[in-house]
Protein chains: 2
Amino acid sequence: MAYVLRVLQGSTEDTVFQALADPSRRAIFESLTRGEAAVKDLTARFELSQPAVSQHLATLRGAGLVESRREGRCVMYRVEPRGLQPLVDWITHYRAFWTDRVGRLERLLTELER
Amino acid sequence: MAYVLRVLQGSTEDTVFQALADPSRRAIFESLTRGEAAVKDLTARFELSQPAVSQHLATLRGAGLVESRREGRCVMYRVEPRGLQPLVDWITHYRAFWTDRVGRLERLLTELER
DNA sequence: ACAACACATAAGCCATGGCTTATGTGTTGC
DNA sequence: GCAACACATAAGCCATGGCTTATGTGTTGT
C-alpha cells in the first residue's frame, strides 16, 4: 500500500537521493530551510548563474523536496518537509544498524506505541 | 569539534550521498545488510559483471559504508553501521521539518534527556 | 609448479549531468 | 504599449560516472 502510494506520487527514494547527491543542491536546500526565498536571492547567495539555480530548483521540485509560489514577478521557493520522508523511511529500514542514540529513540517509539 | 572530526575522517556527508545516489549501489548495500557476502555472491545476485560489483563496492568502501575482509581467496564485504551516521546527522539537522512521527520521537528524546 | 578460482585494476566507450549563453514567458511600472 | 525585471527553458559543451573487456595480483588445490 505504501508502495502503491509511492508509485502514484512517482517518487521512490530514488529521486530524493539523486537530488541530494549534488552539493550545490544540498546547499540550496539548506538555505531554503532558513526561510522562503526567491530565485534572485539564491542566485545572489551562491556563485551560480540564474539558470543553474533554476535548474537545481526544478530538480529539487521534481523530488518533492521544494515547492514554489508566485508572488509578483518573483517565484518564492520553500522547503517541503514531507519531501524528506522517503529518505527517513529508507534510513529507518536500517535502524538496526544505527548508533545507540537512534536505537534508543526507536525503542522509545516502540514502547510508546505499545 | 564534530566538524573537525569529520574533516579528519575525510568524510563529510558528501561521499555518503554520492555513494547512495546510485540504485545499484543501494541495492548492493541493502543486500549486505542481510549478512556478510563475497563479491562472487553479489555478482550472482545482481545482473552485473564482477568488475562492476567491485567498483561499486570500492565506492561504498570509500564512503565508509562498507568494510572488507579476506577469507581464503574470497573477499567478504559487510556493512559498516557507523557509515550511515553522516546521513543521519544531516537529516537530524532538519528535524524541525520532519513529520509528526519523527517530531514525536524528538520530543520524547528531549524529555528523556531532561 | 601450475591451473583454476576470486577479486582488483586499467583502459576505453557511452550516457548522464551540470554549467554556460541565448532566448522565451510573465509581471511590474511608467 | 513598452522597457525593465524575474524566471523558465532550450541548446550546446565538457566533465563525470557507470559499464564493458582485458589484464594483473593473490590464493587454493593437485
Side-chain angles (χ1 to χ4, degrees), chain A residues 10-32 35-80 87, chain B residues 10-32 35-80 87:
Chain A
S11 85
T12 45
E13 71 273 355
D14 214 288
T15 339
V16 180
F17 270 114
Q18 190 74 18
L20 294 177
D22 185 77
S24 303
R25 232 133 48 199
R26 278 201 308 279
I28 290 177
F29 179 83
E30 297 180 28
S31 187
L32 283 180
E36 222 178 20
V39 178
K40 172 195 163 75
D41 303 328
L42 297 169
T43 302
R45 293 179 200 172
F46 309 96
E47 292 185 356
L48 285 173
S49 67
Q50 174 264 314
V53 174
S54 285
Q55 287 163 12
H56 282 311
L57 287 170
T59 302
L60 289 171
R61 190 154 142 55
L65 289 166
V66 147
E67 281 188 354
S68 62
R69 171 180 62 90
R70 275 212 85 108
E71 183 169 333
R73 40 186 175 184
C74 298
V75 176
M76 307 300 291
Y77 279 84
R78 64 179 177 283
V79 166
E80 172 56 48
L87 195 58
Chain B
S11 85
T12 44
E13 69 274 356
D14 215 287
T15 339
V16 180
F17 270 115
Q18 189 75 17
L20 294 176
D22 185 77
S24 303
R25 231 133 48 199
R26 278 201 307 278
I28 291 178
F29 179 82
E30 297 180 28
S31 187
L32 284 180
E36 223 178 18
V39 179
K40 172 195 164 72
D41 304 327
L42 298 168
T43 303
R45 293 179 200 173
F46 308 97
E47 293 185 354
L48 286 172
S49 66
Q50 174 264 313
V53 174
S54 284
Q55 286 164 12
H56 282 310
L57 286 170
T59 301
L60 289 171
R61 190 153 142 53
L65 290 166
V66 147
E67 282 188 352
S68 62
R69 170 179 64 91
R70 275 211 85 109
E71 183 169 333
R73 40 186 175 184
C74 298
V75 176
M76 307 300 292
Y77 279 83
R78 65 179 177 284
V79 166
E80 171 57 48
L87 195 59

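Each chain gets a letter, A, B and so on, in the order the sequences are listed, and its residues count up from 1.
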Minimum-distance nucleotide to B:Ser49 side chain [options: C:dC7, D:dT21, C:dC19]: D:dT21

Euclidean distance, atom CZ of residue A:Arg69 to atom P of D:dA8 [Å, nearest integer]: 14 Å

B:Ser31 side chain vs B:Ala27 backbone, donor-acceptor pair below 3.5 Å: no

Phosphate-side-chain proximity, B:Tyr77 and C:dA8, N/O vs OP1/OP2 below 4.0 Å: yes

Phosphate OP1/OP2 of D:dA8 contacted by A:Ser68 side-chain N/O (<4.0 Å): no

Residue B:Pro51, side-chain atoms from C-beta onward, closest of C:dC7, C:dC19, C:dT9: C:dT9

Residue B:Ser54, side-chain atoms from C-beta onward, closest of C:dA8, C:dG17, C:dG18: C:dA8

Sugar-phosphate, base or nothing in reach of A:Ala58, heavy atoms under 4.0 Å: nothing

Euclidean distance, atom CD of residue A:Gln18 to atom P of C:dT16 [Å, nearest integer]: 11 Å

Base-pairing assignment for C:dT23 (Watson-Crick or G-U wobble, both under 3.5 Å): D:dA8

B:His56 side-chain N/O to D:dC19 phosphate OP1/OP2 under 4.0 Å: yes

Whether B:Arg25 side chain and B:Ala19 backbone form a donor-acceptor pair below 3.5 Å: yes

Length of the CG-P vector between A:Leu20 and C:dG18, whole Å: 12 Å

A:Leu65 vs A:Glu80, side chain to side chain contact (heavy atoms under 4.5 Å, CB included): CA-CA, chis, key distance, verdict: CA-CA 5 Å; A:Leu65 289 166; A:Glu80 172 56 48; 5.9 Å; no

Sugar-phosphate, base or nothing in reach of A:Arg61, heavy atoms under 4.0 Å: nothing

Which nucleotide in C:dC19, D:dC7, C:dA8 has an atom nearest any side-chain atom of B:Val75: C:dA8

Of A:Met76 and A:Gln55, the one whose closest DNA chain D nucleotide lies more 5': A:Met76

Distance test, side-chain N/O of B:Ser24 to OP1/OP2 of D:dC19, below 4.0 Å: yes

Donor-acceptor pair (no angle test) under 3.5 Å: A:Glu71 side chain, C:dT27 base: no

Salt bridge A:Arg69-A:Glu71, side-chain N to carboxylate O under 4.0 Å: yes

Heavy-atom donor-acceptor pair, B:Arg26 side chain to B:Leu20 backbone, under 3.5 Å: yes

5'-most by nearest nucleotide on DNA chain C - A:Glu47 or A:Arg73: A:Glu47

Polar side-chain contact B:Gln50-C:dA6 base: donor and acceptor under 3.5 Å: no

Protein-nucleotide distance (A:Leu57, atom CG; C:dG18, atom P), rounded to Å: 13 Å

Rounded distance in Å - NZ (B:Lys40) to C1' (C:dA8): 17 Å

Distance in angstrom units between A:Arg70 CZ and C:dT25 P, rounded: 14 Å

Worked verdict on B:Cys74 versus B:Lys40 for side chain to side chain contact (heavy atoms under 4.5 Å, CB included): CA-CA 8 Å; B:Cys74 298; B:Lys40 172 195 164 72; 5.7 Å; no

